[in-house]
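Notes follow once the structure below has been shown.
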Protein chains: 2
Amino acid sequence: MNKIIMSSHKTTSTAAPEKFGFRDVKREVFERIRNNKWGPGTQLPGEVELASTFGCSRATVNRAMQELSDDGIIERRRKGGSHVKLAPIRQVKFEIPLVRVEVESRGSEYRYQLISSEVMAAPHWLQVRMDLQVASPVRHVRCLHSADGAPYQYEDRWINLFAVPRAEDANFSKIGPNEWLVNEVPYTNAEVRFGATNADHTISQHLKTIDGDPIFLAERSTWHAGVQVTFVRLYFPRGYQMIAKY
Amino acid sequence: MNKIIMSSHKTTSTAAPEKFGFRDVKREVFERIRNNKWGPGTQLPGEVELASTFGCSRATVNRAMQELSDDGIIERRRKGGSHVKLAPIRQVKFEIPLVRVEVESRGSEYRYQLISSEVMAAPHWLQVRMDLQVASPVRHVRCLHSADGAPYQYEDRWINLFAVPRAEDANFSKIGPNEWLVNEVPYTNAEVRFGATNADHTISQHLKTIDGDPIFLAERSTWHAGVQVTFVRLYFPRGYQMIAKY
DNA sequence: AAGTGGTCTAGACCACGAC
DNA sequence: TCGTGGTCTAGACCACTTC
């Protein structure tokens, strides 16, 4: 993972023809950008020049600059050269572990409970949501994840049985559909939407909150090989916070 | 940016000694992992072996494998070799643009409005939140961002004047404190927390919603050189959704 | 057309850490 | 100890894009 975080200068104390690795080059260039020595929009020296400046090969400079580009600090174009971005883009990156892992990593006891499961034809709104051509058969599963006995996440999931036929007979009484799907259909593409909503009666009942309580809601759509595999709504009780660092 | 998304095989149709670039190697290895040819936990061939397999140099293989490692698909250790991760970690990455840019990129007209501004000693709860040693002077700014005349984001911000003295006299009537800070103190570290809350009277008034309406809330703490620069709460009206893909 | 980044190579040395 | 990944090099060719 490329780190945006970079600290202290390279100790440019005594003599010794210091060897500049790509990390050093990266830090040095970043430092100059941060010091406004190379302000927003500035065209940076070419790779060849930087290489001679830092006394290293062009390949080393290239790697450094490439990471700075990945980090959203600079922009690069062939023939155009490298420029300091006008507005640095804040990139937030965070990981979405399995609920079970998330709970257990907090030292809490994880419990899973299946609430309902049924196979049916996709209702119209879902056809739209999942971009289904017709009323394909889907499996609708609702379940609850708990941490130390307290409701942690209420899951309302729809699985496209056309995309994952084996899900029709899968047993979700012990293992949740998410964990099952991760093993069955790994490496999918997904889109997540975060938002807020109010707890309706069903939700408040399962999450043990009060009707109307604010709920942090995450919706996730998952594709595999161009076909939408599943659509899920995750409801978190008041107090839950998703944390990301950058 | 490393893409986790990879599609189709390399067309291995006719003859022609295809040249394998690092993207090809990456895709090929990933494909084998996805096909369960190399299941979770499998030790992958070493770089030298892969290089001869794919008919390219070790450096090329190295780059491919490094990206797979960054993507969270495999784990690598010296002497230990590369292994397929047991539980693939879903990494979500998304960008947080300036509100103004976000609004304008939707083709809406952005409007900014300063609601209040005052300099004061940090209240106790804020000292805790911002990890301040004493009741440092802070500037408290509240403002509203609108899109096409409709409330888009209500911002409640505290700036540590010890960290950014110039913020005391900054004029926030035209330019919002966030945009000002991004220019003044770029390249900070931050932590964001997402959650849900209910609109209190102040919020609902500014966002033109009803008291008790669910609000999507983002809290952000920002550091520079180890000192917390600012703490901000961002309130979004119902219907706002933050979208991330992976 | 020409300059700049993008990528590859073959070889080398190093550093970590499993055995 | 010694195999594996981490990194660097010097040189090369290519591909985009601006000029």
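By convention in this document, chain letters (A, B, ...) are assigned in the order of the sequence lines, proteins followed by strands, and residues within each chain are numbered from 1.
The CD atom of Glu47(B) sits 16 Å away from the P atom of dG11(C) (whole-angstrom rounding). Between the C1' atom of dT7(D) and the CZ atom of Phe20(A) lies a distance of 16 Å, rounded to the nearest Å. Counting to the nearest Å, the P atom of dT7(C) and the CG atom of Asp24(B) are 12 Å from each other. One interatomic measurement links the two molecules: NE2 of His83(B) to P of dG17(C), which rounds to 14 Å at whole-angstrom precision. Between the CD atom of Glu67(A) and the P atom of dT7(C) there is a distance of 14 Å, rounded to whole Å. In this structure, Arg76(A) places its CZ atom 16 Å from C1' of dT18(D), rounding to the nearest Å. Rounded to an integer number of Å, the gap from CG of Asn62(B) to P of dT9(D) is 15 Å. Rounded to whole angstrom, the span from the CD atom of Gln43(B) across to the C1' atom of dC19(C) amounts to 13 Å.
Looking at which nucleotide of DNA chain D each of Arg77(A) and Val61(A) is closest to, the 5′-most match is held by Val61(A). Mapping Ala59(A) and Met65(A) onto DNA chain C by nearest heavy atom places Met65(A) at the nucleotide closer to the 5' end.
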Could you go step by step and tell me if Glu49(A) and Arg58(A) meet the salt bridge (charged side-chain N to carboxylate O under 4.0 Å, His left out) rule? CA-CA 9 Å; Glu49(A) 184 176 341; Arg58(A) 198 194 134 209; over 6 Å; no
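Distances were taken from every side-chain heavy atom of Lys79(B) (C-beta onward) to each of dA18(C), dT9(C), dG5(D); the shortest belongs to dA18(C). Candidate nucleotides dT7(C), dT9(C), dT7(D) were compared by shortest atom distance to the side chain of Gln66(B), and dT7(D) ranks first. Comparing atom distances between the Arg78(A) side chain and each of dT7(D), dG6(C), dT9(C) picks out dG6(C) as nearest.
For a distance-only test at 3.5 Å, the side chain of Arg58(B) qualifies as a donor-acceptor partner of the base of dG6(D). Side-chain N/O atoms of Arg63(B) and base N/O atoms of dG6(D) include no donor-acceptor pair closer than 3.5 Å.
Using a cutoff of 4.0 Å between basic side-chain nitrogens and carboxylate oxygens, Glu28(B) and Arg32(B) are scored as salt-bridged. Ion pairing between Arg129(A) and Glu219(A) holds under the 4.0 Å rule for side-chain N and carboxylate O.
For the OP1/OP2 pair of dT9(C) and a distance below 4.0 Å, the side-chain nitrogens and oxygens of Thr60(B) include at least one atom meeting the criterion.
Listed for the Ser105(A) side chain is a donor-acceptor partner under 3.5 Å among the backbone atoms of Val101(A).
Arg63(A) forms a cation-pi arrangement with Phe22(A), by the criterion of a distance under 6.0 Å to the ring centre and an angle within 45° of the ring axis.
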